[in-house]
Amino acid sequence: MVELLLGQVIRFEGEVMEEGPGAVRHEPAGAVALEGGRILATGPAADLIATYPQARRTDLGRALLLPGFIDAHVHYPQTPMIASWGKRLIDWLNSYTFPTESAFGDPAHASKIAESYLDLAIAHGTTSMCSYCTIHPASVDAFFTGAEARGMRALAGKTCMDRDTAPTFLRDTAQAAYDESKALLGRWHGRGRLSYVITPRFSPTSTPEQLRALGALWAEHPDCLMQTHLSEQVDEIAWVKSLYPQARDYLDTYEAYGLLGPNGVYGHAIHLEPREIVRLRDVGAAIAHCPTSNTFIGSGLFDMAGIAAAGIRVGLATDTGGGSSFSMLRTMAAAYEIAQLRHHPLHPAKLIWLATQGAARTLRIDHAVGNLAPGMEADLVALDLASTPVIAQRAARAESLWEELFPTIMMGDDRAVSGVWVGGKRLK
C-alpha cells in the first residue's frame with residue numbers, strides 16, 4: 001500500500017554548504033510517497049495524488065516534511081547525568097561520567113536507559129544516531145536491541161579504556177577490547193539497519209597497546225566506522241602531549257596506531273593544528289560538531305567555516321550528556337550561535353543539512369538516509385512551524401520558507417516535532 005504524506009517538502013539537490021538554499025528544492029504544497037519502508041517519490045501533491053489515486057493520504061497541513069534528524073555523536077549511557085553542573089572535561093568525566101557509566105554492567109539497567117534514550121531521541125525527531133556505549137558488552141546489546149525493535153538505522157560500539165587514567169572499575173584490557181569488540185561486531189554489524197563502530201574513548205584513557213589492538217581490528221574490518229574524540233579542550237591536549245611525548249600532535253596518537261582513515265569520525269576537533277587539518281582532509285575522515293557540549297563544558301568555538309573550506313566532512317551531534325539537549329533543533333541553534341561568534345553565520349538551509357544529509361555523510365550512511373529522494377529509506381520528520389505562540393507569531397511574519405523555519409530552529413523543541421517515521425512506520 002502506497003501512503004502519501006502531504007505538506008511542505010524539502011529535498012537536497014546540490015552541495016548545500018557551497019550553494020546554500022539554492023541547492024534545496026522546496027515544494028510548498030508537496031507530498032512524499034512511501035511504500036515498503038522506502039521513499040517512492042516526492043513532488044507536488046497534485047502530481048503524486050494523480051499518479052497514486054488509490055494511496056492512503058495523511059494530510060499534515062503546513063507542516064514541513066524533511067529527512068529524519070541524524071545525531072553523529074552521542075553517549076546514550078550519559079542520559080541520566082545530562083545537565084550536570086560546573087565542571088570542565090577531565091573533572092566532569094571523573095565526577096559524573098565514569099560513576100554513571102559504571103552501572104552498565106547490569107543488563108537490566110542498560111536496557112532501561114537505552115529504551116529511555118531511544119524514546120527521547122524519537123520524540124525529538126532523531127531517527128538515526130552514532131552512540132558510544134560503555135566498556136560493558138551488555139551496554140552495546142541493550143542499545144542495538146532497542147534500536148532494532150524500533151526499526152532504526154543506528155550505529156554504536158563498546159567504549160574501550162585500559163589506562164590507569166580511567167578508574168579501576170571502568171577499565172578493560174587491550175586484549176579484552178579487541179576480543180569483545182570483535183564479538184560484538186560479529187553479532188551486530190550489518191544486522192538489519194545496524195552498524196558496529198570501533199570505539200576507543202580517546203587516547204588519554206587507552207594505552208598504546210590498546211590503540212594498536214583496535215587499529216588491528218579496524219584493519220580487519222575497514223568497512224566499519226571508528227569513532228573517538230579529538231582536541232576538545234586545550235588542557236586535554238596538554239594532557240595528551242604528556243602521555244604521548246613522541247607524538248607530533250593529538251591526531252598522531254591515533255595515526256601511529258592505525259586509527260586514522262576514511263571511515264574515522266572524530267568528535268569535537270575544536271583546537272586543531274594545521275597538520276591535523278591537512279591529514280583529516282587527505283585521508284577523507286569526518287568530524288562530529290557538538291555545539292551544545294562545546295559551550296556547556298567550556299571547550300571552545302568550532303571553526304565550521306574553516307573546516308568546510310578545507311573540504312572535511314562534518315555533521316552535527318548532540319554529544320548527550322556533555323551536550324545539554326536531546327534536540328537536534330537546539331543543536332542547530334547552538335551551531336548558529338557559535339558560527340555567529342566566529343563571524344560566519346550559517347544559513348538555515350545549512351543548519352538543516354548539517355543535521356540530516358551532512359550527518360549522514362559523516363557516518364557514511366548517506367546512501368540510505370539523510371534526504372527525501374526516491375529509493376531512500378523512509379525516515380522522516382514533520383515539523384510544526386507554529387508549535388508555540390511565540391514561534392507562531394514570528395513565523396506569521398515570514399516572507400520565505402527559511403524565514404518561517406528559522407524561529408523553529410532557534411526556539412523549537414520536541415513540541416515542534418509533529419510526526420516521526422522510521423522505515424515508513426509512524427512512531428510519533
Side-chain angles (χ1 to χ4, degrees), residues 1-12 24-45 48-49 52 55-71 117-129 147 149-154 193 318 325-332 348 351-353 355-357 359-360 368-374 376-388 391-392 395 401 404-405 407-409 411-428:
M1 169 79 67
V2 175
E3 179 179 11
L4 291 181
L5 306 180
L6 309 180
Q8 299 191 74
V9 179
I10 60 172
R11 173 179 168 179
F12 305 119
V24 183
R25 180 174 178 176
H26 172 224
E27 295 287 353
V32 181
L34 310 180
E35 184 180 41
R38 292 189 176 271
I39 295 171
L40 191 60
T42 66
L48 267 65
I49 290 170
Y52 305 104
R56 178 163 56 94
R57 301 177 197 172
T58 301
D59 191 343
L60 299 162
R62 283 193 51 76
L64 178 66
L65 286 163
L66 64 156
F69 297 135
I70 299 168
D71 190 342
Y117 165 74
L118 291 167
D119 286 346
L120 284 163
I122 289 169
H124 286 86
T126 299
T127 55
S128 291
M129 69 288 294
R150 292 163 176 79
M152 301 175 76
R153 181 163 287 282
R193 303 181 72 197
T318 62
S325 176
F326 295 96
S327 171
M328 291 300 288
L329 291 171
R330 177 69 195 110
T331 301
M332 287 181 248
L351 294 167
I352 288 291
W353 184 87
T356 53
Q357 191 173 64
V369 293
N371 199 6
L372 301 186
M376 302 288 279
E377 295 168 354
D379 290 356
L380 304 90
V381 63
L383 290 183
D384 177 359
L385 302 184
S387 61
T388 68
I391 293 174
L401 165 68
E404 185 181 10
L405 173 58
T408 291
I409 291 176
M411 296 184 286
D413 52 30
D414 55 321
R415 291 170 293 178
V417 179
S418 57
V420 178
W421 291 259
V422 172
K425 297 180 180 179
R426 190 168 188 174
L427 298 188
K428 178 178 179 179

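Between the side chain of S418 and the main chain of A382, a donor-acceptor pair closer than 3.5 Å is present. Between the side chain of R193 and the backbone N or O of G151 there is at least one donor-acceptor pair closer than 3.5 Å. When atom types are taken as modelled, the side chain of S128 and the backbone of R153 share a donor-acceptor pair closer than 3.5 angstrom. Judged by distance alone, with hydrogens and angles left aside, the side-chain atoms of K428 form no donor-acceptor pair with the main-chain N or O of I122 at under 3.5 Å. Although no hydrogens or angles enter the test, the distance criterion places a donor-acceptor pair under 3.5 Å between the side chain of N371 and the main chain of F12.
For residues 24-37, every residue pair satisfying the side chain to side chain donor-acceptor pair (under 3.5 Å) rule, not counting sequence neighbours, is listed here: Q8-H26, R25-E27. Residue pairs meeting the salt bridge (charged side-chain N to carboxylate O under 4.0 Å, His left out) criterion with at least one member in residues 415-427, sequence neighbours excluded, are D413-R415.
Residue L380 holds its CG atom at 8.0 Å from CG of L66, rounded to the nearest 0.5 Å. To the nearest 0.5 angstrom, L385 atom CG is 7.5 Å from L401 atom CG.
In terms of heavy atoms, V24 sits closest to I10 at CG1-CB, 3.9 Å. Nearest heavy atom pair, residue V381 against residue G125, reads CG2-CA, 4.1 Å.
Within the 4.5 Å cutoff, side-chain heavy atoms of M129 are placed close to those of M152. Considering only heavy atoms from C-beta on, T127 stays 4.5 Å or farther from V369 through its side chain. Counting only heavy atoms from C-beta outward, the side chains of T126 and V420 never approach each other to under 4.5 Å. In this structure, L34 and L40 have side chains that are not in contact, with every pair of non-hydrogen atoms separated by 4.5 Å or more. Proximity of L48 to L6: side-chain heavy atoms (C-beta onward) are nowhere separated by under 4.5 Å. A 4.5 Å side-chain heavy-atom check between L383 and L405 finds at least one atom pair inside the cut-off.
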Requested in this report: Kindly determine whether T318 and D71 satisfy side-chain hydrogen bond (donor to acceptor under 3.5 Å, both in side chains), including the steps that lead there.
Outcome: CA-CA 6 Å; T318 62; D71 190 342; 2.5 Å; yes
Report task. Using the salt bridge (charged side-chain N to carboxylate O under 4.0 Å, His left out) rule, take D379 and R38 through it: C-alpha gap first, then chi angles, then the decisive distance, then the call. Result -> CA-CA 8 Å; D379 290 356; R38 292 189 176 271; over 6 Å; no
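Remark: D119 pairs with R150 by the salt bridge (Lys or Arg N to Asp or Glu O under 4.0 Å) rule, at least two apart or across chains.
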